[in-house]
Amino acid sequence: MQNGLSFKNTMSRVGLCYFVLMLVTQALQLAGMTLLRSLLETGWGLWALSYAPLYCIAVPVFILLLQKLVPGTPGTAGSAALTAGGWLRWLVLCLGVTYLFNFVSLGITALLGMLKGGAVQNPLALMQMNSSPLATFLFACVLAPVGEEFLFRKLLYDKIGGYGVRTYVLVGAFLFALFHANLSQLLYAFVLGAVFCYIYAHTGKLRYTILLHVAINTIGTMAAPLFIQYGGIWGTAAVGILVLVSIAAGAVIAARRRWRFPGAAPADGREGEGAQRPAHSFGRALRTPGMLAYTGLCAALILVVTFLT
């Protein structure tokens, strides 16, 4: 009990806060798209109706609730600095896992599409198709990375970092992946979320993960599609080479890296390198009422997107 609450109560309250974040966002987005349907026909309007409810209303409510319900249990974040070369290695690893798990997701959605009798929609791809490049860049490549890194790395670490890096990484990845609420992004969002949490826990610098997130989103939503659209066969070939090289190089980087997961800080305040405390396990965190509520809501949204759109 590091913040006056038990581990179970802390995780449940954290899950409840993210449940409220998702619920308020979805409710306001639905209301906005119903009342302001004409805006859906414009690229800027579609992004605005998606992001304004989140960042103008749901996020402030979430922050107030999180500060009120969850006393901080921050860990002692590392202070390691990333060189330009180190940052580039992380970028290659992130691109590799993004492309690899995207292929897995494509296979899963293709199978589900056969069962459904129609294609499983990718909400992000649909928004890109109906949006201008400038709107896509500002919302998907700038606003989303900055906002999501603050929500799922910084704020979360301040509340549960003291329970150990492994718990923080896994819980952060889980919350981040489900927040996307669709199968197309679920798997690679989990892995990317884990990597971003790991980097933040060891550096204590949000700018590293923000820049990685910006770069990955820009390559995936802007650069690669434009190369394919305007580069002809050579542009398509260049993107194909990028995908294959990223996957291969990312696998080598991940295999050669020494991954460190310091455990929860003991009573004397020193943070140990040993095994994670059983009482602070990832599985136990997910079985708390608040986390179950968040999981249930996101699972329901994923089912709706998969089978009813």
Side-chain angles (χ1 to χ4, degrees), residues 1-29 53-77 146-181 186 189-190 192-194 196-198 200-201 204 206 209 261-267 269 271 276-302:
M1 189 175 296
Q2 301 184 27
N3 59 4
L5 297 174
S6 67
F7 174 78
K8 179 179 178 181
N9 284 335
T10 297
M11 289 299 170
S12 185
R13 291 184 181 203
V14 167
L16 176 63
C17 291
Y18 282 95
F19 168 82
V20 171
L21 173 68
M22 180 62 89
L23 183 64
V24 172
T25 299
Q26 294 296 320
L28 292 176
Q29 286 177 347
L54 171 61
Y55 289 108
C56 295
I57 300 177
V59 167
V61 170
F62 165 78
I63 292 174
L64 289 173
L65 195 62
L66 190 69
Q67 298 301 328
K68 184 174 182 61
L69 293 183
V70 189
T73 309
T76 304
V146 173
E148 290 171 1
E149 292 309 301
F150 181 69
L151 289 172
F152 293 95
R153 254 59 75 184
K154 174 66 171 67
L155 289 180
L156 186 63
Y157 190 81
D158 289 346
K159 297 303 179 182
I160 70 169
Y163 292 116
V165 173
R166 180 177 286 109
T167 295
Y168 165 66
V169 165
L170 292 175
V171 171
F174 180 80
L175 294 171
F176 180 64
L178 285 182
F179 185 75
H180 289 78
L186 183 69
F190 180 89
L192 285 179
F196 292 158
C197 285
Y198 182 88
Y200 182 73
L206 200 62
T209 60
F261 294 93
E271 191 172 22
Q276 185 70 45
R277 288 181 177 182
H280 297 163
S281 69
F282 174 56
R284 189 163 181 260
L286 297 192
R287 293 193 296 271
T288 59
M291 287 291 182
L292 289 173
Y294 177 75
T295 303
L297 174 60
C298 294
L301 293 171
I302 290 172

**Report entry** Side chains of Phe62 and Leu65 in contact at under 4.5 Å (non-hydrogen atoms)
**Finding:** no
Query - Minimum heavy-atom distance Leu69-Cys17, with the two atoms named - result: CD1-SG, 4.3 Å
Report task. Work out which heavy atom in Met291 is nearest to a heavy atom in Ala285; give both atom names and the distance. Result -> CG-O, 3.2 Å
Report summary line: Between the CZ atom in Phe176 and the CG atom in Leu192, the distance rounded to the nearest 0.5 Å is 6.5 Å
Report summary line: Rounding to 0.5 Å, atoms CD (Gln29) and OG1 (Thr25) come to a distance of 6.0 Å
**Report entry** Any donor-acceptor N/O pair, Tyr168 side chain to Gly162 backbone, under 3.5 Å
**Finding:** no
Report task. Please report the C-alpha distance between Arg166 and Phe282 in whole Å, then the side-chain angles of each, then the deciding distance to 0.1 Å, and finally whether the side-chain contact (heavy atoms from CB on, under 4.5 Å) criterion is met. Result -> CA-CA 8 Å; Arg166 180 177 286 109; Phe282 174 56; over 6 Å; no
Query raised in the report: Just wondering, do Leu21 and Leu54 contact through their side chains at under 4.5 Å, heavy atoms?
Result: yes
Requested in this report: Give the minimum heavy-atom separation between Ser12 and Gly290, together with the two atoms involved.
Outcome: OG-N, 2.9 Å
Query raised in the report: Under the 3.5 angstrom rule, does the side chain of Lys154 hit a backbone N or O of Leu206 as a donor-acceptor pair?
Result: no
Report task. Give, for atom CD of Glu149 and atom CZ of Phe196, the distance between the pair rounded to the nearest 0.5 Å. Result -> 5.5 Å
Query raised in the report: Looking at OH of Tyr18 and CG of Leu178, how far apart are the two atoms once the value is rounded to the nearest 0.5 Å?
Result: 12.5 Å
Query raised in the report: Does any N or O in the side chain of Tyr294 come within less than 3.5 Å of the main-chain N or O of Leu175, such that one atom is a donor and the other an acceptor?
Result: yes
Requested in this report: Test side-chain contact (heavy atoms from CB on, under 4.5 Å) on Leu301 and Met22 and set out the steps.
Outcome: CA-CA 10 Å; Leu301 293 171; Met22 180 62 89; 3.9 Å; yes
Query raised in the report: How long is the gap from NZ on Lys159 to CE on Met11, to the nearest 0.5 Å?
Result: 12.5 Å
Report task. Could you check if a side-chain atom of Val171 sits within less than 4.5 angstrom of a side-chain atom of Tyr163, using non-hydrogen atoms only? Result -> no
Query raised in the report: So do Tyr200 and Leu156 actually touch side chain to side chain, heavy atoms under 4.5 Å?
Result: no
Report summary line: For Tyr55 and Val59 the tightest heavy-atom approach is CD2-CG2, 3.8 Å
Report summary line: Between the CZ atom in Phe7 and the CD1 atom in Ile160, the distance rounded to the nearest 0.5 Å is 7.5 Å
Report task. Go through the steps to decide whether Leu170 and Phe261 satisfy the test side-chain contact (heavy atoms from CB on, under 4.5 Å), and finish with yes or no. Result -> CA-CA 11 Å; Leu170 292 175; Phe261 294 93; over 6 Å; no
**Report entry** Residue pair Gly172 / Cys197: nearest heavy atoms and the distance that separates them
**Finding:** CA-SG, 3.9 Å
Query raised in the report: Do you know the tightest heavy-atom contact between Ala173 and Phe190?
Result: CB-O, 3.2 Å
